[in-house]
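Just so we're clear, the structure is a prediction, and the values are computed from it rather than from any experiment.
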Amino acid sequence: MTQICSRPAGISRASVRSTVKDAWRMRRAWWFTATSRTRARFARTFFGSFWLGLSNLLSITALALVYGTVFKVQDFSTYVVYLGIGLVVWNGIGAAIGSAPNLFEHNQTHVHNTNLNPIFYVLEEWAFQVQTFLQSFALVLLALSWFQHNLLFNLVVHGWLPLVNLFLFLLWAPMIVCLIGARYRDFYQLVPIVLQLVFLLSPILYRKDNLGAMAWTANLNPLYRILSPVRHSLMAGEVQWSVGFLLIALNLFGLWVALNWLNRERPHLPFLI
């Protein structure tokens, strides 16, 4: 009984550095399990993981035709690229945050019966979401290159910093969401509603200028602030360095906060789920 009580106390004092070391030590395991989930997802299908990109392309085609007509866009090719990149990035963000609230609940058996650092489950989900996003993003970008031929070049030369910020955000933001979701079950019901509202309020299907006097809302939208630099760098062929490095700093701070929070909640997780 003494050993059982002393272990949670030790765990609760774990530092961010020790958690990062645990994450690095288990890197092969969580990456492999995430890859296995991706393969199992499309087992016995003809197109396999290409369905990820194809589903996005079908959505982009339908939405571009509808909203291109509604907004009476003058340059349809530019609008398709604008909407396509915005939608595929948003789908990646929305999927990562939307699956986060019940992450520990899905891994309930392992949390209860093993002493594995919970960062493993966070990183496994992160790797799965990143793999899913990259497969979809690559196919969509290839298709959109028909309308803007320098997209792949811009991705390699100018897109790396916004993508780093995107991947960092997809790590710490869902981590905080899943920690809140473990303690408050109502959060699982709230997250999809908030995501839908944020999507409708974000300049994804329409340009920021279309918001008129409400354009300031986009600047306060954290999800759009992550999405916008990715789209800008690919379409304009330039990196917004000041924005990029500011987001790096904010993402690193968010990651530090999330890891500290995870360390504090680790002794309580088995009782919360």
Side-chain angles (χ1 to χ4, degrees), residues 1-41 49 92-93 95-135 137-138 160-183 226 245 247-273:
M1 179 64 69
T2 304
Q3 291 179 351
I4 294 176
C5 294
S6 62
R7 185 173 9 171
I11 291 173
S12 65
R13 293 193 296 268
S15 66
V16 170
R17 179 179 296 182
S18 66
T19 303
V20 172
K21 286 182 179 179
D22 281 346
W24 179 254
R25 179 175 52 84
M26 298 184 291
R27 66 191 184 279
R28 294 180 184 274
W30 51 259
W31 186 263
F32 173 77
T33 53
T35 304
S36 299
R37 284 177 59 189
T38 304
R39 291 173 178 172
R41 183 179 181 181
S49 59
I93 296 173
I97 295 178
S99 64
N102 58 353
L103 173 63
F104 291 124
E105 187 177 349
H106 282 166
N107 293 280
Q108 181 180 27
T109 303
H110 299 294
V111 173
H112 284 165
N113 297 297
T114 68
N115 196 33
L116 193 65
N117 194 320
I119 193 64
F120 176 87
Y121 310 114
V122 174
L123 286 170
E124 179 193 26
E125 183 66 24
W126 173 78
F128 174 74
Q129 296 296 341
V130 168
Q131 291 174 14
T132 301
F133 167 76
L134 288 176
Q135 292 177 73
F137 185 65
W160 61 272
L161 182 58
L163 285 177
V164 167
N165 277 313
L166 173 64
F167 295 151
L168 285 174
F169 182 82
L170 292 182
L171 176 57
W172 71 263
M175 194 189 313
I176 289 178
V177 171
C178 73
L179 289 170
I180 298 175
R183 189 167 285 276
I226 293 294
F245 286 121
L247 288 176
I248 282 282
L250 292 174
N251 278 324
L252 291 177
F253 176 73
L255 183 58
W256 181 82
V257 170
L259 290 174
N260 266 299
W261 194 346
L262 180 65
N263 287 336
R264 289 199 307 271
E265 289 290 326
R266 182 178 177 183
H268 310 296
L269 281 178
F271 305 100
L272 294 174
I273 59 176

- Between N251 and I226, does a side-chain contact (heavy atoms from CB on, under 4.5 Å) hold up when you go through it step by step? CA-CA 10 Å; N251 278 324; I226 293 294; 4.3 Å; yes
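- Residues L170 and A96 share a closest heavy-atom pair of CD2-CB, 3.8 Å.
- Atom CD of E265 sits about 13.0 Å away from atom CE of M175, to the nearest 0.5 Å.
- Here the side chain of W30 pairs a donor or acceptor atom with the backbone of A23 at under 3.5 angstrom.
- Between L166 and I93 there is a side-chain heavy-atom pair separated by less than 4.5 Å.
- Side-chain contact check for L250 versus W172: every heavy-atom pair is 4.5 Å or farther apart.
- Using modelled atom types, no side-chain atom of R37 and backbone atom of A34 make a donor-acceptor pair closer than 3.5 Å.
- The two atoms that bring V122 and C178 nearest to each other are CG2-SG, 4.4 Å, heavy atoms only.
- The side-chain heavy atoms of R266 and L262, taken from C-beta on, include no pair separated by under 4.5 Å.
- Residues N260 and V16 share a closest heavy-atom pair of ND2-CG2, 3.5 Å.
- For the pair K21 and R25, the minimum side-chain heavy-atom distance is 4.5 Å or more.
- No side-chain heavy atom of L103 sits under 4.5 Å from any side-chain heavy atom of V177.
- At a threshold of 4.5 Å between non-hydrogen side-chain atoms, the residues Q129 and W126 do not count as touching.
- Inter-residue side-chain proximity for F120 and T33 is flagged as met; some heavy-atom pair is nearer than 4.5 Å.
- Annotation: side chain of L123 is not in contact with side chain of R27 (no heavy-atom distance under 4.5 Å).
- Across every non-hydrogen atom of I248 and N165, the tightest pair is N-OD1, 3.0 Å.
- The backbone N or O of Y121 lies less than 3.5 Å from no partner atom in the side chain of E125, so there is not a single donor-acceptor pair.
- Minimum interatomic distance between G98 and P101 (heavy atoms only, all atoms of both residues): O-CD, 3.5 Å.
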